[in-house]
*Asks:* 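Below you'll find the structure I mean.
Whatever order the structure lists them in is the order used to number ligands and atoms, beginning at 1.
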Amino acid sequence: MKQLLLVALTITLLAGCSQQNVDDFLADYNILYKNLWTAAEGARWDDNTNICEENSQKRIVAEQAYAQQLGSAELIEKAQAFLERDNLTELQTAQLNYVLLNAAKFPGTIPKTVDKLIKAEADQNSKLYTFDYTVNGQPVTPNDIVNGLGSSRNLAERLELWEASKAIGPSLKPGLIELRDLRNEVARSMGYSSYFGLECSEYGMSSNEMVELMDELIDGLNPLFIELHTWTARQLANRYNQPVPETIPAHWIDNRWAQSWPGLVEGINLDELVDDKSPQWLVEQGERYYTSMGFPALPQTFWDKSDLYALPADATRKKNTHASAWHIDLDNDVRSLMSVENTFDWFQTTHHELGHIYYYMLYSNDDVPFVLRTGANRGMHEGVGTLIELAGSQVSYLKEIGLLEGDVDQIQWLLNQALVGPVTFMPFACGTMTHWEHDFYEEELTGEQMNARWWQYVEQYQGVTPPSARSEEWCDAATKTHINDDPAQYYDYAISNVILHQLHDYICREILHESPQTANYYGNTEVGDWLKEVLKQGAACDWRELMVEATGEKLSSRAMLEYFAPLMEWLEAENNLVNKGM
Ligand code: X8Z
Ligand code: ZN
């Protein structure tokens, strides 16, 4: 019955453009889109929570149906023709642009390529999350590797853990190259410079404009990053009893991609704060943050249908171990896939994922058509949860919920926030990830260039080098999940950091009248009301206009730089003292 209804809808959608009213077209499209999305997202969910051949096949079938109908050449022509009309409302234009963007990812004009792409995506996802990691011949989970790198102080052991984390790369390399070629073919057939260009177009930007924005952001942060790098190299050399290096060996850093540098500040051990808590408490506390600001409780179906906790290493079921949030039916069916354990990193990640979930819930309202039930831009989507991660890592909040006691040195706290936050993350996101993916798609790097280019950027932007030379036998970029399954989008996280600091700055100065470094908005419904207004519009408004309306300012790293300004002074003084041999 549902199938018949969809066929009927497709026929109406494809009726001649001149006879049709744009609102009728969009109404039909929205129903078709919701149905096809729900089937495909549901199948993807099953394939990520229980990775097996059967679920992979079901996912492929659902995605093929989505692609065939939403990527049809007639649909593209119609949406383009409607867009040429000059009496469209902003809401109609926004929807038509998303109709085209959805079609551009699976264009019906090259069905064989699209078919191959859908299969290759499903294959790569299975390979990524059925890999058996081992250390000393023993099976380990990704969480075990993270925890080992977070605690071991033995360099030989660290090297083993770090190398274990990179062992998956070679098995992903052929699939990644095939995916790149297929993704580029799809994007170029739709007139984009590459798949990287297609993804940037969601921001209304070209590949070059995106890379320029990333470079600008790095330039702004670089003086602080250089001071932090100098301080860190000295700390780690001291810890491991080694000479102070110019570039930091990757296995000295707790994070396997050096995208965050935790565990370095004397007297701040965040994992200890949640040592006696259960994983469930972490997720519930995340929810409490949002409800304390007046957001609704999570629907019961969230708890019933989500897959929140870590599997043991010998589990027979395999699941995607990278955290994610899902909007299955573009309405109330919201779920999260995580592997929560009681570490501070997971405490932060639960706040992050629930940010996506609450954004889904807020824009699922009658004013936002299904096709616009997405973030104002993808960076904004990432920014909501990371904003609450920042708010959730403030001393005042941790004290209020009883996780932290006693006095805390504010500069040391800020130093830790810089090390685990944007100051080390932006060089990775704007520098290594974005530049590598740009080159991979735009320049079509060969299998003989991929790893060298990766490490060139890791050194240039992050000041980190591999423990020993990494030949092209390895494919270290592919060990990062997003390179495979969220391709050409990592700048979203960089943009999210900029946006969230702008939101945080506005909240602290204009609503709470407190300093951004110490403010606490747990329990403040005025902050919640303001956030709800910003978020409930989804993509029904232009993101640039939204930023100005919400914060009075265009996208700018001003707030982020100001947040860390007190640290710059402290680091300069510290590094100077050491330079002078004091
Ligand atoms: O992938 C994520 C989230 C899921 S949207 C956990 N993040 C990036 C990463 O892990 O590399 C959050 C920060 C950066
Ligand atoms: Zn996210």
*Asks:* Could you work out, with side chain to side chain donor-acceptor pair (under 3.5 Å) as the rule, every residue matching Trp326, not counting sequence neighbours?
*Replies:* Ser324
*Asks:* Tell me which pairs pass salt bridge (charged side-chain N to carboxylate O under 4.0 Å, His left out) where either residue lies in residues 283-292, with sequence neighbours left out.
*Replies:* none
*Asks:* Sum up the protein N, O or S atoms located under 2.8 Å from the Zn ion (ligand 2).
*Replies:*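 With waters ignored, the protein N/O/S count below 2.8 Å is 3.
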*Asks:* Does Val186 reach the side chain of Tyr195, with side-chain heavy atoms less than 4.5 Å apart?
*Replies:* no
*Asks:* What verdict does the ring pair (Phe, Tyr, Trp, His ring centres under 6.0 Å) test give for Phe370 and Tyr33, after you've listed the backbone C-alpha separation in whole Å, the side-chain angles of each residue and the deciding distance to 0.1 Å?
*Replies:* CA-CA 7 Å; Phe370 293 114; Tyr33 173 69; 8.0 Å; no
*Asks:* Counting only heavy atoms not in Lys554 (residues, nucleotides, ligands), do more than 12 fall under 6.0 Å from its NZ?
*Replies:*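 Count not over threshold, so no.
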*Asks:* Are any of the side-chain heavy atoms of Arg183 and Glu121 separated by less than 4.5 Å?
*Replies:*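 When only atoms from C-beta onward are counted, Glu121 and Arg183 do touch, with a gap below 4.5 Å.
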*Asks:* Quick one, list the residues around ligand 1 where some non-hydrogen atom comes in under 4.0 Å, by chain and residue number.
*Replies:*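 Residue list for ligand 1: Gln259, His322, Ala323, His352, Glu353, His356, Glu382, Phe425, Lys480, His482, Tyr490, Tyr493.
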*Asks:* Answer yes or no: is there a side-chain heavy-atom contact under 4.5 Å between Leu403 and Phe347?
*Replies:* yes
*Asks:* Could you check whether any side-chain heavy atom of Leu172 comes within less than 4.5 Å of a side-chain heavy atom of Phe131, counting everything from C-beta outward?
*Replies:* no
*Asks:* Evaluate Tyr461 against Phe428 for ring pair (Phe, Tyr, Trp, His ring centres under 6.0 Å), listing each step before the verdict.
*Replies:* CA-CA 7 Å; Tyr461 292 108; Phe428 175 69; over 10 Å; no
